[in-house]
Amino acid sequence: MRLTVTARIALLSIGLALMSNFALSGFVWMQAQSDAKEAVHRETIEQADALVAVWRDGGDTILVRAIASALAPADMSQVLAVLDGRGRRVMGLAPARFTPPLTPTLFRVARLGTEGRWAERDTGYSLRPIGARWLLVGRNMDLIAAEQRAIERALALAVMLSLALGVVEALILARYVSRRLNAIADVVDAAGEGDLSQRVRMVVGGQDAFDRLARRLNATLDKTEALMGELRVVTDSLAHDLRSPLARLRAKTEQAVAAPNGLAREAALGGLLHETDLVMRMLTTVLEISRSESVPREHFTRVSPTAVVEEIADLYGPVIEDAGLTFSVMAEDLAPMTLHRELLVQAISNLLDNAMKHGAQGGELVLRLQRTAEGAAISVEDRGPGIAVEDRARALKRFGRLDAARSTPGAGLGMALIGAVAKLHGGRFELADNAPGLVARIVLPG
């Protein structure tokens, strides 16, 4: 049976808790054992050194008294005795016969005898010569073993307690993960059913994986909702704006069919072609906007914006001057930028076409390229009537035609195409006042 993600996270949490506690318990056990042995080692050497110093100062009599006073009747782990040259106990607490080699020993762990408890227990001892005899000082290791068993029992209890706490922690963690995932899944399910208004709630200032996922999902839903809104606007606007051209197409067709003679028929067919061209331009522009919003980055190249502006100026200069307008070009020498050359040329051409169509009465057009803090700005400035501040947002939308422009041919898509090209480059398209006239500006990031 396959486990759920939350169940696997819970089991992983329990396993990690157990592993960490086993590792910690093993470290504590080894450290406690090492410390206990080190304590016996240090105590044995210090006591042996002290008793040897007593013997040197006072001889055998004072040494015997010191050993007798140091022996604790209740301490069965203590080893303290004087041995003769054959290893037999003369006095003190030790096996009747000392079996390890009679050689000076700073510290060693071994079994001191062959009878009774001495044959079954390891002892840490120090052996020092005192004249013809030997001083034996040590400590039975049974005490350390008992302490180790107590530590082991405590550590086993700690591991069991940590297992119980790990289960509780895993349940809490699984509940938290499940709640966060379910919140995201609910939003995805709602989006799948067509409700794009729901969003995943995020923790303020949160930076974990769930918050990043929620932020990305919310951004995707925002973009999708905006695109769906634009799609509805485009669909409604197309249906509305195509109604008049299609009605005129039908009327022209009926006139051509009912024309009494060839001359009238040719006139009706000419009007029919004109209306057909208008509809085709409208649909072509909509397709160009959609394509410009999804051009891959591999189609971008390193292009000099100065060269692009100068090339367009050379192309449009004669046309603008033939229309009776004064045309000026002011282009700074900028470094090459990563641009989509064809779309940028089309956007600047649309700027000039709009300026010639709506700002020609001002008698002057300026094409300007200048360096900005963001990168570069390409603007077309005219001295026409301009656009009121409250109407500029509507003018930038698709099919956004102002009242003053409804008498001229067009579908209100030119500025939308320019905005799409600017957005494709990571920039923006904006309108400003030229006092009098209008400044239409494409801002490109450096």
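Since the model is a prediction, treat every value here as computed from it, not as a measurement.
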Are [X] and [Y] close enough that some pair of their side-chain heavy atoms sits under 4.5 Å apart?
{"X": "Met356", "Y": "Val319", "answer": "yes"}
{"X": "Leu339", "Y": "Val308", "answer": "no"}
{"X": "Glu374", "Y": "Pro445", "answer": "no"}
{"X": "Arg111", "Y": "Asp122", "answer": "yes"}
{"X": "Val309", "Y": "Leu367", "answer": "yes"}
{"X": "Thr338", "Y": "Val303", "answer": "no"}
{"X": "Leu365", "Y": "Glu381", "answer": "no"}
{"X": "Ile62", "Y": "Asp57", "answer": "no"}

Spacing of [X] atom [atom1] and [Y] atom [atom2] [to the nearest 0.5 Å]:
{"X": "Glu364", "Y": "Asn434", "atom1": "CD", "atom2": "CG", "value": "8.0 Å"}
{"X": "Thr306", "Y": "Asp333", "atom1": "OG1", "atom2": "CG", "value": "5.0 Å"}
{"X": "Thr44", "Y": "Leu127", "atom1": "OG1", "atom2": "CG", "value": "12.5 Å"}
{"X": "Glu46", "Y": "Leu51", "atom1": "CD", "atom2": "CG", "value": "12.0 Å"}
{"X": "Lys357", "Y": "Asn354", "atom1": "NZ", "atom2": "CG", "value": "6.0 Å"}
{"X": "Asp353", "Y": "His358", "atom1": "CG", "atom2": "NE2", "value": "10.0 Å"}

For [X], does the [atom1] atom have more than 12 heavy-atom neighbours from other residues, nucleotides or ligands under 6.0 Å away?
{"X": "Arg117", "atom1": "CZ", "value": "yes"}
{"X": "Met91", "atom1": "CE", "value": "yes"}
{"X": "Glu332", "atom1": "CD", "value": "yes"}
{"X": "Arg133", "atom1": "CZ", "value": "no"}
{"X": "Arg302", "atom1": "CZ", "value": "yes"}

Applying side chain to side chain contact (heavy atoms under 4.5 Å, CB included), can you list everything that pairs with Arg108, at least two apart in sequence or on another chain?
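Listed in chain order: Pro100, Pro101, Thr105, Ala110, Tyr125.
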Examine distances only and state if a side-chain atom of [X] and a backbone atom of [Y] form a donor-acceptor pair shorter than 3.5 Å.
{"X": "Arg428", "Y": "Val443", "value": "no"}
{"X": "Arg97", "Y": "Leu112", "value": "no"}
{"X": "Glu225", "Y": "Asp195", "value": "no"}
{"X": "Ser69", "Y": "Ala66", "value": "yes"}
{"X": "His425", "Y": "His340", "value": "yes"}
{"X": "Asp382", "Y": "Leu438", "value": "yes"}
{"X": "Asn218", "Y": "Val200", "value": "yes"}
{"X": "Arg199", "Y": "Leu196", "value": "yes"}
{"X": "Gln198", "Y": "Val187", "value": "no"}

Option among Gln78, His41, Glu43 that satisfies the side chain to side chain donor-acceptor pair (under 3.5 Å) test with Arg139:
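The single option meeting the side chain to side chain donor-acceptor pair (under 3.5 Å) with Arg139 is Glu43.
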Quick check: closest heavy atoms across [X] and [Y], and the distance to 0.1 Å?
{"X": "Ala81", "Y": "Ala94", "result": "CB-CB, 3.5 Å"}
{"X": "Leu424", "Y": "Phe300", "result": "CG-CZ, 3.7 Å"}
{"X": "Gly92", "Y": "Leu71", "result": "CA-CD1, 4.0 Å"}
{"X": "Ala48", "Y": "Leu135", "result": "O-CD2, 4.0 Å"}
{"X": "Pro305", "Y": "Met337", "result": "CG-SD, 3.9 Å"}
{"X": "Ile442", "Y": "Ala347", "result": "CD1-CB, 3.9 Å"}

Among side-chain atoms of Ser126 and Arg128, is any donor-acceptor pair under 3.5 angstrom?
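Arg128 and Ser126 do have a side-chain donor-acceptor pair below 3.5 Å.
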Is a side-chain donor-acceptor pair under 3.5 Å present for Ser379 with Arg368?
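Distance-only check fails for Arg368 and Ser379.
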Where do Val137 and Val79 land on the side-chain contact (heavy atoms from CB on, under 4.5 Å) test, with the steps shown first?
CA-CA 6 Å; Val137 179; Val79 177; over 6 Å; no
Phe98 and Leu136: side-chain contact (heavy atoms from CB on, under 4.5 Å), yes or no, with the steps?
CA-CA 9 Å; Phe98 183 77; Leu136 177 63; 3.9 Å; yes
Set of salt bridge (charged side-chain N to carboxylate O under 4.0 Å, His left out) partners for Arg89, sequence neighbours left out
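Partners of Arg89 under the salt bridge (charged side-chain N to carboxylate O under 4.0 Å, His left out) test: none.
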Does the side-chain contact (heavy atoms from CB on, under 4.5 Å) test come out yes or no for Leu351 and Phe429, once each step is laid out?
CA-CA 11 Å; Leu351 285 179; Phe429 176 48; 3.7 Å; yes
Run Ile387 and Leu431 through side-chain contact (heavy atoms from CB on, under 4.5 Å) and show every step you take.
CA-CA 8 Å; Ile387 299 177; Leu431 302 177; 4.2 Å; yes
